[in-house]
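Here is how names work: the chains are called A, B, and so on, in the same order as the sequence lines, proteins then strands, and each is numbered from 1.
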Number of protein chains: 2
Amino acid sequence: MLRLNRQTDYGIMILTCLVREDDKAMPPRLLSAPEIATASGLALPNVSKILKALVRGGILQSRRGVQGGYQLSRLPADISIQQIITALDGPISMTDCAGEGPEQCDVSSLCPMSANWKYINDKIVETLESITLEQMAIPGGVLAAANNDSDSTRNPEGE
Amino acid sequence: MLRLNRQTDYGIMILTCLVREDDKAMPPRLLSAPEIATASGLALPNVSKILKALVRGGILQSRRGVQGGYQLSRLPADISIQQIITALDGPISMTDCAGEGPEQCDVSSLCPMSANWKYINDKIVETLESITLEQMAIPGGVLAAANNDSDSTRNPEGE
DNA sequence: CAAATCAGGACCAAAGTGGTCCCCTTTTGG
DNA sequence: CCAAAAGGGGACCACTTTGGTCCTGATTTG
């Protein structure tokens, strides 16, 4: 089915919640895990686990202690879906052939597909890299961006 | 990791073997499961399972009985990677949101992402639909096709 | 009728995923 | 200086999925 795992799905949902919260409170403040759990409607332990992974992946910044919490480490327009998927699900690699490492197929003599898989993999990464969290956070945002600017993948100053 | 399962990987490998065998024996003959297992270097029971699924998915045709076997049901240029993946791994659907059925997110009120996911999903299906088995069967075939036919080529210095 | 061959599905071990919990460190404020 | 509020890092386990094999039945040929 080529499905990304539920943690990743939730993670993107959580991040879109953060974007909307930031829009509300313009001097963006830190949100604690319990607050984010409430806002997203998900269970706290799970939300907490996902938030930690997003920090490790460089998507979020955190502060400990009383009044601590999480915030985006970059503008929503500078965070791609690809980066989020990589943070929560590891690097995209459709097959072993398509991966980065030295893990060759053991049947590489029979397999002329390696370069082809790499190309396909790159194409998909490219697609996911071109979608930003900012677009994802508004209904129809991805489609609108695709219509407005069908050539270049990123627009300099959003909206 | 967004990886397709091993059956699918093997399936595509098997099909590229079939393409090459067809090229050898120009009046394309039926190949039995044991022959295909030998040609592909995979274990017979597993190859057999995959071949059956490919028949069910309309990629292969089969004939039973003595001298029976399998052959492609269309020309390699008319079989897309997308069709093969669908036959072996079900329809592509990155998230529940992106699926076809009436399976709405239960939190759809909080979730403006549904249309966005569908768009992303379509984009990936489109990519995989544009790659043919014929291209996949020759080393560098996909890249060559992409260079020749630059319908929507991205920046060459993209990397 | 026997042999070859595909069809369908049962079955099980192994791996992966999802979700929760625990204990530790950091920070703030009385 | 200590207690409370928060995040950090894993361990842990139940559940599902996947990978692979095998068995039984249906077709076809000679």
Nearest-Å distance for atom pair [atom1]/[atom2], residues [X] and [N]:
{"X": "A:Ile14", "N": "D:dG7", "atom1": "CD1", "atom2": "P", "answer": "12 Å"}
{"X": "B:Leu44", "N": "C:dA4", "atom1": "CG", "atom2": "P", "answer": "14 Å"}
{"X": "A:Leu42", "N": "C:dG18", "atom1": "CG", "atom2": "C1'", "answer": "13 Å"}
{"X": "A:Tyr10", "N": "C:dG19", "atom1": "OH", "atom2": "C1'", "answer": "10 Å"}
{"X": "B:Leu88", "N": "D:dG19", "atom1": "CG", "atom2": "C1'", "answer": "13 Å"}
{"X": "B:Glu35", "N": "C:dA4", "atom1": "CD", "atom2": "P", "answer": "13 Å"}
{"X": "B:Ile50", "N": "D:dT18", "atom1": "CD1", "atom2": "C1'", "answer": "12 Å"}
{"X": "A:Leu2", "N": "D:dT18", "atom1": "CG", "atom2": "C1'", "answer": "15 Å"}

Assess, by modelled atom type and distance only, whether the side chains of B:Gln83 and B:Arg74 contain a donor and an acceptor separated by less than 3.5 Å. yes

Under 3.5 Å, is there a donor-acceptor pair between the B:Thr86 and B:Gln82 side chains? yes

Regarding C:dG19, can its base be found pairing with the side chain of A:Lys49 as donor and acceptor, where the two atoms are less than 3.5 Å apart? yes

Quiz item: A:Lys52 side-chain donor-acceptor pair to D:dG9 base, under 3.5 Å: yes

Are any of [X]'s side-chain N or O atoms less than 4.0 Å away from OP1 or OP2 of [N]?
{"X": "A:Ser32", "N": "D:dA5", "result": "no"}
{"X": "A:Arg3", "N": "D:dT17", "result": "no"}
{"X": "B:Arg63", "N": "C:dA4", "result": "no"}
{"X": "B:Tyr70", "N": "C:dA7", "result": "yes"}
{"X": "A:Ser48", "N": "D:dG8", "result": "no"}
{"X": "B:Asn5", "N": "D:dT18", "result": "no"}
{"X": "B:Arg64", "N": "D:dT29", "result": "no"}

Of the options [options], whose atoms approach the side-chain atoms of [X] most closely?
{"X": "B:Asn46", "options": "D:dG8, D:dG20, D:dT28", "answer": "D:dG20"}
{"X": "B:Ala43", "options": "D:dG20, D:dG7, D:dT21", "answer": "D:dT21"}
{"X": "B:Arg56", "options": "D:dG19, C:dG8, D:dG7", "answer": "C:dG8"}

With sugar-phosphate meaning primed atoms plus P, OP1 and OP2, does B:Gly65 contact a base, only sugar-phosphate, or nothing at under 4.0 Å between heavy atoms? base

Check A:Arg3 with B:Asp96, please: is the shortest side-chain N to carboxylate O separation under 4.0 Å? yes

I'd like to know if B:Asp22 pairs up with B:Arg29 as an ion pair, taking the criterion as any Lys NZ or Arg NE/NH1/NH2 lying under 4.0 Å from an Asp or Glu carboxylate oxygen. no

Where is the tightest heavy-atom contact between B:Leu30 and B:Gln67, given as atom of each residue plus distance? CD1-O, 3.8 Å

Kindly give the heavy-atom pair with the smallest separation between B:Val142 and B:Ile131, and that separation in Å. CG1-CD1, 3.4 Å

With nearest nucleotides of DNA chain C determined for B:Val66 and A:Pro45 from heavy-atom distances, which residue corresponds to the more 5′ nucleotide? B:Val66

